[in-house]
Visitor: 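Pasting a structure below so you can have a look.
Naming convention: chains lettered A, B, ... in sequence-line order (proteins, then strands); numbering from 1 in each chain. We use all heavy atoms of the structure for the numbers below, so side chains are in, but hydrogens, waters and symmetry mates are not.
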Number of protein chains: 2
Amino acid sequence: MRDDCDMRGMLSFLILFMLSKKPMNGSEIADEIERRKGTKPSPGTIYPALKGLKEANFVKEKREGKTIAYSLTSEGKDALRIAKQRFCATFTDVFSGK
Amino acid sequence: MRDDCDMRGMLSFLILFMLSKKPMNGSEIADEIERRKGTKPSPGTIYPALKGLKEANFVKEKREGKTIAYSLTSEGKDALRIAKQRFCATFTDVFSGK
DNA sequence: TTATATATATCGGTCATCCAATATGTGTTA
DNA sequence: TAACACATATTGGATGACCGATATATATAA
């Protein structure tokens with residue numbers, strides 16, 4: 001994800017946001033997105049996104065037995081702060097009822 | 001835009017939302033997006049998106065001299081209602097501070 | 001009429017999102 | 001050990017978002 005939050009990169013933005021709450025592994029991320037959106041992204045969606053975030057140094061990995069816990073780096077936190085601001089400015093009134 | 005609001009289609013969703021406030025032409029849409037996001041989408045972004053919404057019967061056109069006023073059809077209003085619900089469910093806590 | 005400004009539209013190329021299918025890795029169970 | 005379940009990963013193909021460049025249309029100014 002570029003840190004300027006265009007309309008591409010919304011999945012990466014959401015993942016970054018969720019990881020800022022607590023570290024999660026890939027399946028937990030998919031489950032949480034299903035809880036929010038109603039549809040569960042396939043592995044072919046979720047892992048490439050995580051790979052991109054890792055290559056951008058926004059998330060780091062920690063293997064824990066069978067799973068890998070993803071969490072934000074400090075760069076990831078910075079990027080999220082900026083992206084969140086633009087996201088909110090772009091969509092505020094969609095939420096505020098109007 | 002499909003009415004199920006995945007992460008692709010966020011531009012079309014935003015346009016649909018803005019048009020639900022008031023009819024606008026292409027440049028006004030681009031200007032309003034700039035006001036929200038800070039960056040102005042190029043014509044090569046905005047007009048193909050409008051074309052897609054028109055082909056989905058979500059917006060209709062009305063030429064007014066030099067410009068074309070876009071507004072929602074009733075199908076567009078229905079699609080927006082559903083997409084808005086999913087969007088809010090997906091991103092609520094991004095806004096609510098937490 | 002010609003020139004200018006603005007709005008609309010298309011094209012080519014890149015990147016992000018998405019799924020289905022497939023493959024590999026890891027831990028548990030038989 | 002082998003079998004199984006689950007997590008992780010990659011590939012191919014489709015669609016959407018994006019820009020820069022270019023083209024066309026419409027209205028106004030010179």
Visitor: Just verifying a value: how many Å separate Lys37(A) NZ and Leu14(A) CG, rounded to the nearest 0.5 Å?
Guide: 9.0 Å
Visitor: Given 3.5 Å as the limit, does a donor-acceptor pair link the side chain of Gln85(A) with the main chain of Ile82(A), or not?
Guide: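 Answer holds: no.
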Visitor: Can you check the Arg63(B) CZ to dA25(D) C1' distance for me, whole Å?
Guide: 7 Å
Visitor: Can you tell me how far C1' of dT8(C) sits from CD1 of Ile68(B), to the nearest Å?
Guide: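 It works out to 6 Å between those atoms.
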Visitor: Please determine, for the side chain of Leu11(B), which listed nucleotide (dT8(C), dT17(C), dA17(D)) has the closest atom?
Guide: dA17(D)
Visitor: So which nucleotide from dT15(D), dT14(C), dC19(D) ends up closest to the side chain of Pro41(B)?
Guide: dC19(D)
Visitor: How is Ser27(B) classified with respect to the nucleic acid when contacts are heavy atoms under 4.0 Å: base, sugar-phosphate, or nothing?
Guide: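 Sugar-phosphate only.
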Visitor: Mapping Lys54(B) and Met7(B) to their closest nucleotides on DNA chain C, which lands nearer the 5' end?
Guide: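 Final value for this comparison: Lys54(B).
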Visitor: At under 4.0 Å between heavy atoms, what does Thr45(B) touch on the DNA or RNA strands: base, sugar-phosphate, or nothing?
Guide: base
Visitor: Select base, sugar-phosphate, or nothing to describe what Pro48(A) touches, counting heavy atoms under 4.0 Å on all strands.
Guide: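 Contact class for Pro48(A): base.
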Visitor: Specify the closest pair of heavy atoms between Ile33(A) and Met18(A), including all atoms of both residues, with the distance to one decimal.
Guide: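 Minimum heavy-atom contact is CG1-CE, 3.7 Å.
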Visitor: Roughly, in whole Å, what's the span from OH in Tyr70(A) to C1' in dT8(D)?
Guide: 7 Å
Visitor: Using OP1 and OP2 only, check whether a side-chain N or O of Thr67(A) sits under 4.0 Å from dT26(C).
Guide: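 Result: no.
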Visitor: Could you tell me the separation between the CD1 atom of Ile15(A) and the C1' atom of dT17(C), rounded to a whole number of Å?
Guide: 10 Å
Visitor: Give me the ring orientation class for Phe95(A) and Phe87(A): parallel if the planes are under 30° apart, tilted from 30 to 60°, perpendicular past 60°.
Guide: perpendicular
Visitor: Atom CD1 of Ile33(A) and atom P of dT17(C): how far apart are they, to the nearest Å?
Guide: 10 Å
Visitor: Tell me: CG of Asn25(B) to P of dT26(D), nearest whole Å?
Guide: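 It is 15 Å, rounded to the nearest whole Å.
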Visitor: Calculate, to the nearest 0.5 Å, the distance between atoms OG and CZ belonging to Ser71(B) and Phe58(B) respectively.
Guide: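 Answer rounded to 0.5 Å: 14.5 Å.
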Visitor: Which nucleotide, dA9(C), dA7(D), dA17(D), lies nearest any side-chain atom of Tyr47(A)?
Guide: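 The listed nucleotide nearest to Tyr47(A)'s side chain is dA7(D).
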Visitor: Using whole Å, what does the distance between atom P of nucleotide dT14(C) and atom CG of Asp6(A) come to?
Guide: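 Nearest whole value for this atom pair: 17 Å.
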Visitor: Whole Å only: how far is the CD atom of Glu61(B) from the C1' atom of dT26(D)?
Guide: 15 Å
Visitor: Which part of the nucleic acid does Gly26(B) contact within heavy-atom distance under 4.0 Å: base, sugar-phosphate only, or nothing?
Guide: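 Touches sugar-phosphate only.
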Visitor: Picking from dA7(D), dC19(D), dT6(C), which would you name as closest to the side chain of Lys66(B)?
Guide: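 So the nucleotide nearest the side chain must be dT6(C).
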